[in-house]
K.L.:
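This is the structure I want to talk about, given as structure tokens.
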2 protein chains.
Amino acid sequence: MQPTQLNEAQDRFVAVWGQMGSAWGISRTMAEVHALLYITGEPLCTDDIMERLRISRGNASMSMRALLDWGIVERVHRRGDRKEYFKAESDVWAMFRAIVRERMKREVDPLRAQLYEIRDQTGERAGERAGREQGPDFLAHNKRLDELLRFFQTLEGVSNSFVSPAGRGLQAAAKILGYIGGAAIGPGKDAGDTKEAG
Amino acid sequence: MQPTQLNEAQDRFVAVWGQMGSAWGISRTMAEVHALLYITGEPLCTDDIMERLRISRGNASMSMRALLDWGIVERVHRRGDRKEYFKAESDVWAMFRAIVRERMKREVDPLRAQLYEIRDQTGERAGERAGREQGPDFLAHNKRLDELLRFFQTLEGVSNSFVSPAGRGLQAAAKILGYIGGAAIGPGKDAGDTKEAG
DNA sequence: CGGAAGTTTCAGAAACGATTGAAAATCAGC
DNA sequence: GCTGATTTTCAATCGTTTCTGAAACTTCCG
């Protein structure tokens, strides 16, 4: 393998993707491993990753496991080779659907549950119990909580539409919206064509 | 102010919101300050925040500044009081529009720019220069980069539609989608009504 | 079985980002 | 332009998260 041009571009991509990961609350290394697998396009084994990214075996193993859990990387077995290889999901939309699905499940759903609990804590019953003077404050507090809750409920619905098998429709809608939005409002960047990705 | 029920619920909300912040790459304290202002509903000054959240003056000041920059908190002046007070945006949708706008500007746009640069590095010209054997690899590499780029372009468009003044339309669409998605695909949670939030 | 190849776990170390607190800057009113 | 109240800045410190490396484990094959 020649260590120029392509490798250099790959390394840059890995760095950029890793940086983005940390801005969104994903461990930098995990994002880097994913970036390497994605940009490389071919299955790599733990040792390849350790070497290329200069990370420890433990770290490589943990990151791989996490990516597997997220469903954006899959195991690949090669005949006559005991090592496990890993390959990144190569369809960008499928990848983002998986990410959205997981983040909703891990972060938004629990958040909603907790918000509901808090809301119950000051429900109509509780407000009355606390005394007549507190009424207005309780009411306003509950209203704010309810608005948030309603927002997250909508978010949940949109995300379900996007994530589901039928979500392809939303994806198409997004492309159209993206096109319109980009053309009508954006800074006039080249909007490209609208040809299908899948 | 009685230190029961309502305060307790507020504290819980602050904690939950702060936790969520850190999962999304926002400083926990900043999210907590915002949570406090949001759930409290009324303007608070630096000292109020320091006291309630038990944080230093410097931290409170920095966090406030950051929230102001994000456009989800505004200054409030009171006659006969030199102190500055701060109040959180109370419209949930406006708040999320602001957050989306800022995150796109700060993280997605620079990412796109860097991706473009990397793409240029291995553009058609560069590929030819590097030798005929590398052709297929370069091509595949560029294809992957292009797919990502196209995805982010669509995202940019959707976000513009959502964020713009005309974005109210998208918001309404989101509600409908949320309703359909939630009812048709979700685990049958109570879908609530579709009454307007604004 | 025994052992080689590969993978996972985890306690401690290192790196990183967040927080403090005191000093410097700013500002309103006199 | 001084004074005292308020806000901002920033180097030092602290706390959390991530990473390492070696040991434990699992799996496959002869």
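All values reported here derive from a predicted model rather than from experimental measurement. Residue numbers begin at 1 in each chain, while the letters A, B, ... track the order of the sequences.
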K.L.:
Of all the nucleotides listed (C:dT19, D:dC19, D:dT7), which has the minimum atom distance to the side chain of B:Arg57?
P.N.:
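It is D:dT7.
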K.L.:
Taking only side-chain nitrogens and oxygens of B:Thr29, does any of them come within less than 4.0 Å of OP1 or OP2 of C:dT19?
P.N.:
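Yes, within the criterion.
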K.L.:
Is a donor from one side chain sitting under 3.5 angstrom from an acceptor on the other, for A:Gln121 and B:Glu8?
P.N.:
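There is such a pair (donor and acceptor under 3.5 Å, judged by atom type) between the side chains of A:Gln121 and B:Glu8.
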K.L.:
Does D:dT6 have OP1 or OP2 under 4.0 Å away from a side-chain N or O of B:Thr46?
P.N.:
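For D:dT6, neither OP1 nor OP2 has a side-chain N or O of B:Thr46 closer than 4.0 Å.
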K.L.:
Of all the nucleotides listed (D:dG21, D:dT18, D:dT8), which has the minimum atom distance to the side chain of A:Ser27?
P.N.:
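Nearest listed nucleotide: D:dT18.
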K.L.:
Looking at DNA chain C, which of residues 77-85 of chain A put a heavy atom within less than 4.0 Å of it?
P.N.:
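Per residue number, the list reads A:Arg82, A:Lys83, A:Glu84.
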K.L.:
Please check the phosphate of C:dT8 (OP1 and OP2 only) for any side-chain N or O of A:Ser61 closer than 4.0 Å.
P.N.:
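A:Ser61 to C:dT8 OP1/OP2: side-chain N or O found under 4.0 Å.
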K.L.:
Answer yes or no for A:Arg78 and A:Tyr85: cation-pi contact, defined as NZ/CZ to six-membered ring centre under 6.0 Å and angle to ring axis within 45°.
P.N.:
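Here A:Arg78 passes the 6.0 Å and 45° test against A:Tyr85.
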K.L.:
Base, sugar-phosphate, or nothing for B:Arg28, non-hydrogen atoms under 4.0 angstrom?
P.N.:
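The answer is sugar-phosphate, as B:Arg28 gets under 4.0 Å only of primed atoms, P, OP1 or OP2.
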K.L.:
For A:Ile55 and D:dG21, give me the distance from atom CD1 to atom P, rounded to whole Å.
P.N.:
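Those two atoms, CD1 and P, are 12 Å apart.
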K.L.:
Find which nucleotide of DNA chain D each of A:Ile26 and A:Gly58 is nearest to by heavy atoms, and output the residue with the more 5' nucleotide.
P.N.:
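Counting from the 5' end, the first nearest nucleotide belongs to A:Ile26.
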K.L.:
Return yes if a side-chain donor-acceptor contact under 3.5 Å exists between A:Arg52 and A:Gln10, otherwise no.
P.N.:
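The answer is yes; a qualifying pair exists.
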K.L.:
Please report the shortest heavy-atom distance between B:Arg103 and B:Trp24, naming the atom on each side.
P.N.:
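Nearest heavy atoms, B:Arg103 then B:Trp24: NH1-O, 2.7 Å.
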K.L.:
Which one of A:Arg150, A:Arg144, A:Lys143 satisfies the salt bridge (Lys or Arg N to Asp or Glu O under 4.0 Å) criterion with A:Glu147?
P.N.:
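Single pass found, and it is A:Lys143.
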